[in-house]
Amino acid sequence: MERASRPARPLTGRLAFGVAAAGLSVLVALASYALLTYALARPLGVDVQAYYHAAERLAHGQTLYAPGAANASDLYRYAPWFAAAWIPFTAFPIEPVAAAWVGLMAVAAAISTAPLLRLGPTGWAAFAFFLPLQLQGAAFGNVQPMLVLMLLWGVNRGSGPLWVALGASLKLTPIVLVLVYAGRGEWRRMWITIGLTAVLVAPMLLFDLAGYNTESGPNQDSLAGVSPFVFLPVAAACLVATWLLARTRYAWAAGGLAMIMSLPRLLSYEVGFALVGLADVLRRPGRVAKQ
């Protein structure tokens, strides 16, 4: 007997769905561009000052983690290796260094979001949302666009533990991606990642951490700043989901969400962590083979 065909969705229903999807895409795109406009209204590369000045202090044997209010030009929160990598740039005036760094971050923002354009209307909507957020981070001169690109490109490679460890040494929450390795039974990759992260972060203990700033600046509160009774269970649920979904095409997307929801302070452009697994969800069917 011939199987009955599934009835087509009424034209009015499809039209309504299309209008609603288009309207939502426009709204999220406008919101993203508004955030980008805000970033461009400020001096380009404001975060470059923190990296540049940290490198100067490190080169001259001064306090790496200098006391200061959030968003101050001497505010530095990353592992020492990143400041050391900036030391050669201090041989040049900060203005051309900032311009070059912002340009590099803009390129990283474009490369990290360009794959979405190959994924149809849903990918186009995601591109319209995430590109401005990535460019916002680039406009500030923050390392975020490069960090996202590094994770997006590297987590599935044999060198994945190195890229996750580098990310975790800059912004701690990428360490949650080891739950994907654990959920797949890739214990060696998990422990290598944890070990490399420890090696990169441990030198912080050689410095005076009395001035290390843990406060959130204006408009930087995540759920942790709203209520720990909300933040902790939500973050824990995302971590558990990352482990449970490790063998599916949702693995890195769950990890991206877990990174976002585990941040103690959240800036709008850090939503870009979702890009790490978004293309997998939109593109690849089936289960992820164990590497």
Side-chain angles (χ1 to χ4, degrees), residues 32-59 62 64-66 68-114 130-153 163 166-174 200 211-220 222 259-260 263 265-276:
S32 298
Y33 281 108
L35 292 171
L36 176 58
T37 301
Y38 162 73
L40 293 175
R42 302 178 63 190
L44 288 178
V46 291
D47 286 347
V48 176
Q49 298 180 52
Y51 308 157
Y52 189 94
H53 293 159
E56 288 184 319
R57 293 195 301 273
L58 185 62
Q62 300 173 359
L64 177 59
Y65 301 102
N71 297 321
S73 62
D74 61 354
L75 179 62
Y76 183 79
R77 290 188 172 106
Y78 305 150
W81 73 263
F82 189 62
W86 271 79
I87 291 177
F89 301 120
T90 61
F92 305 94
I94 191 171
E95 291 79 9
V97 170
W101 181 258
V102 169
L104 180 62
M105 293 304 100
V107 170
I111 295 175
S112 65
T113 51
F130 283 103
L131 178 61
L133 291 176
Q134 285 285 83
L135 288 175
Q136 184 193 37
F140 290 139
N142 195 275
V143 72
Q144 178 75 12
M146 183 63 72
L147 174 55
V148 169
L149 178 60
M150 182 174 68
L151 294 173
L152 179 64
W153 176 84
W163 305 114
L166 286 171
S169 71
L170 294 175
K171 300 193 176 183
L172 180 61
T173 56
L200 291 170
Y212 191 92
N213 192 304
T214 59
E215 297 180 2
S216 298
N219 304 315
Q220 294 182 5
S222 66
M259 283 190 282
I260 295 168
L263 284 165
R265 49 184 290 275
L266 178 63
L267 295 116
S268 53
Y269 55 75
E270 289 175 321
V271 175
F273 277 133
L275 286 166
V276 174

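Heads up: numbering here begins at 1 and tracks the sequence.
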dist Leu135:CG -> Phe130:CZ (nearest 0.5 Å) comes out at 13.5 Å
Exercise: identify the closest heavy-atom pair between Leu131 and Ala109 | CD1-O, 3.9 Å
Rounded distance (nearest 0.5 Å) linking atom CD of Glu270 with atom CD of Gln136 | 10.0 Å
So CG of Leu152 and OG1 of Thr113: to nearest 0.5 Å the spacing works out to 9.5 Å
Closest approach of Ser112 to Val148 (non-hydrogen atoms, all atoms of both residues) | CB-CG1, 4.4 Å
Do any N or O atoms from the side chain of Tyr76 and from the backbone of Ala83 form a donor-acceptor pair under 3.5 angstrom?
-> yes
Roughly how far, to the nearest 0.5 Å, is the CH2 atom of Trp86 from the CG atom of Leu58?
-> 14.0 Å
About how many Å separate CD1 of Ile87 and CD of Glu56, when rounded to the nearest 0.5 Å?
-> 10.0 Å
Can you measure from CD (Gln134) to CG (Leu275) and round to the nearest 0.5 angstrom?
-> 5.5 Å
Please list, chain by chain and in numerical order, all residues satisfying side chain to side chain contact (heavy atoms under 4.5 Å, CB included) with Leu170, sequence neighbours excluded.
-> Tyr78, Trp81, Phe82, Val143
Below 4.5 Å, heavy atoms only, C-beta onward: do Phe140 and Leu267 meet side chain to side chain?
-> no
Closest heavy-atom contact between Gly167 and Leu147?
-> CA-CD1, 3.3 Å
Closest non-hydrogen atoms of Pro145 and Ala138, given as atom of the first, atom of the second and distance, are CG-N, 3.7 Å
Nearest non-hydrogen partners of Leu151 and Val276, listed with the distance | CB-CG2, 3.9 Å
Can you see which heavy atom on Asp47 is nearest to which on Tyr269, and at what distance?
-> OD2-OH, 3.9 Å
With side chains defined as the heavy atoms from C-beta onward, is the minimum distance between Pro80 and Tyr65 less than 4.5 Å?
-> yes
Heavy atoms, side chains only, cut-off 4.5 Å: are Lys171 and Gln144 in contact?
-> yes
Close side-chain approach of Thr90 to Tyr51, heavy-atom, < 4.5 Å | no
